[in-house]
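Owing to the predicted nature of the structure, the values given are computational and were not obtained by experimental measurement.
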Amino acid sequence: MNASQSMKPETAAKKLGILLDATPEEFREGTITRDEVTKLQADPPEWLETLRREGPHPRTVVASKLGISNSGLARGGVTEPLTSAEIKSLLEAPPAWLVQERATQAAVRAEKIRVAERDKERAARWAAEGRTSGGGGAGSGV
């Protein structure tokens with residue numbers, strides 16, 4: 001089978017990290033193959049470069065650029081796509097909700113790192129003791 005899989009424009013836009021409504025009409029109509037998406041990623045046309053640079057950006061990109069979660073955007077009342085200029089403005093003079101959400105996100109990342117370190121230490125300790133992390137403890141029915 002030589003035919004490349006196709007996808008809806010919504011899916012292609014998500015893969016490219018762009019807002020579908022801001023794409024050219026020919027992109028929004030019909031289907032796009034995986035090969036076409038790969039080509040767009042490797043050699044983006046001017047419209048795609050401009051859209052990635054200036055926006056408007058989808059929620060996931062806005063959240064990432066602001067250093068917060070999608071939920072944090074919602075809590076901050078951001079419901080519409082933002083341009084790069086609007087994101088820059090928020091970062092230069094962050095409102096209280098953004099400061100709080102960035103602190104929350106930093107705490108979440110720190111906790112993930114702490115848990116990963118703890119699990120790594122446990123695995124190393126168990127390996128040194130010749131145990132496995134596969135269970136076998138009380139109540140395992142073994």
Side-chain angles (χ1 to χ4, degrees), residues 3-142:
S4 180
Q5 278 189 317
S6 62
M7 61 187 81
K8 293 179 182 176
E10 295 89 0
T11 305
K14 279 186 181 179
K15 289 187 178 295
L16 294 169
I18 57 175
L19 188 66
L20 180 63
D21 291 346
T23 62
E25 189 174 337
E26 59 269 14
F27 184 88
R28 286 178 269 151
E29 294 176 354
T31 58
I32 297 147
T33 66
R34 287 185 186 269
D35 289 343
E36 289 170 328
V37 169
T38 300
K39 184 178 178 199
L40 286 170
Q41 289 170 325
D43 186 23
E46 183 59 33
W47 67 264
L48 180 54
E49 286 182 344
T50 301
L51 192 53
R52 284 180 167 167
R53 185 176 52 251
E54 299 173 9
H57 303 287
R59 291 180 60 77
T60 54
V61 173
V62 172
S64 177
K65 287 179 179 279
L66 290 175
I68 63 175
S69 67
N70 284 339
S71 299
L73 277 181
R75 286 189 292 272
V78 178
T79 57
E80 298 297 317
L82 298 179
T83 64
S84 295
E86 291 168 321
I87 293 167
K88 183 179 179 189
S89 176
L90 282 172
L91 290 171
E92 287 174 349
W97 69 265
L98 181 55
V99 172
Q100 177 60 48
E101 290 300 331
R102 288 175 65 102
T104 299
Q105 193 68 16
V108 167
R109 280 192 294 271
E111 179 63 8
K112 283 183 179 178
I113 290 169
R114 186 194 68 77
V115 169
E117 295 283 326
R118 181 204 63 198
D119 292 349
K120 187 173 150 184
E121 289 172 11
R122 282 184 182 169
R125 191 170 57 245
W126 288 352
E129 294 172 3
R131 301 187 321 188
T132 63
S133 59
S140 66
V142 179

Close side-chain approach of [X] to [Y], heavy-atom, < 4.5 Å:
{"X": "Glu46", "Y": "Glu49", "answer": "yes"}
{"X": "Phe27", "Y": "Leu51", "answer": "no"}
{"X": "Ser84", "Y": "His57", "answer": "yes"}
{"X": "Ser69", "Y": "Arg75", "answer": "yes"}

Can you tell me how far apart [atom1] ([X]) and [atom2] ([Y]) are? Round to the nearest 0.5 Å.
{"X": "Lys88", "Y": "Thr83", "atom1": "NZ", "atom2": "OG1", "value": "11.0 Å"}
{"X": "Lys65", "Y": "Ile87", "atom1": "NZ", "atom2": "CD1", "value": "6.0 Å"}
{"X": "Thr23", "Y": "Ile32", "atom1": "OG1", "atom2": "CD1", "value": "7.5 Å"}
{"X": "Arg122", "Y": "Lys120", "atom1": "CZ", "atom2": "NZ", "value": "15.0 Å"}
{"X": "Arg34", "Y": "Lys15", "atom1": "CZ", "atom2": "NZ", "value": "5.5 Å"}
{"X": "Arg52", "Y": "Leu19", "atom1": "CZ", "atom2": "CG", "value": "13.5 Å"}

Original post:
Any sub-3.5 Å donor-acceptor pair from Thr104's side-chain atoms to Gln100's backbone N or O?
Top reply: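 Checked: pair present.
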Subject >> For the student: nearest non-hydrogen atoms of Thr79 and Arg59, plus distance >> reply: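 That would be CA-NH1, 3.9 Å.
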Subject >> Heavy-atom closest contact (Leu20 atom, Arg28 atom, distance) >> reply: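 Taking Leu20 first and Arg28 second, the nearest heavy atoms are O-CD, 3.4 Å.
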**OP:** Please report the C-alpha distance between Arg114 and Glu111 in whole Å, then the side-chain angles of each, then the deciding distance to 0.1 Å, and finally whether the salt bridge (charged side-chain N to carboxylate O under 4.0 Å, His left out) criterion is met.
**Re:** CA-CA 5 Å; Arg114 186 194 68 77; Glu111 179 63 8; 2.7 Å; yes
Original post:
After noting the C-alpha distance and the side-chain angles of Leu98 and Arg102, does the key distance pass the side-chain contact (heavy atoms from CB on, under 4.5 Å) rule?
Top reply: CA-CA 6 Å; Leu98 181 55; Arg102 288 175 65 102; 3.9 Å; yes
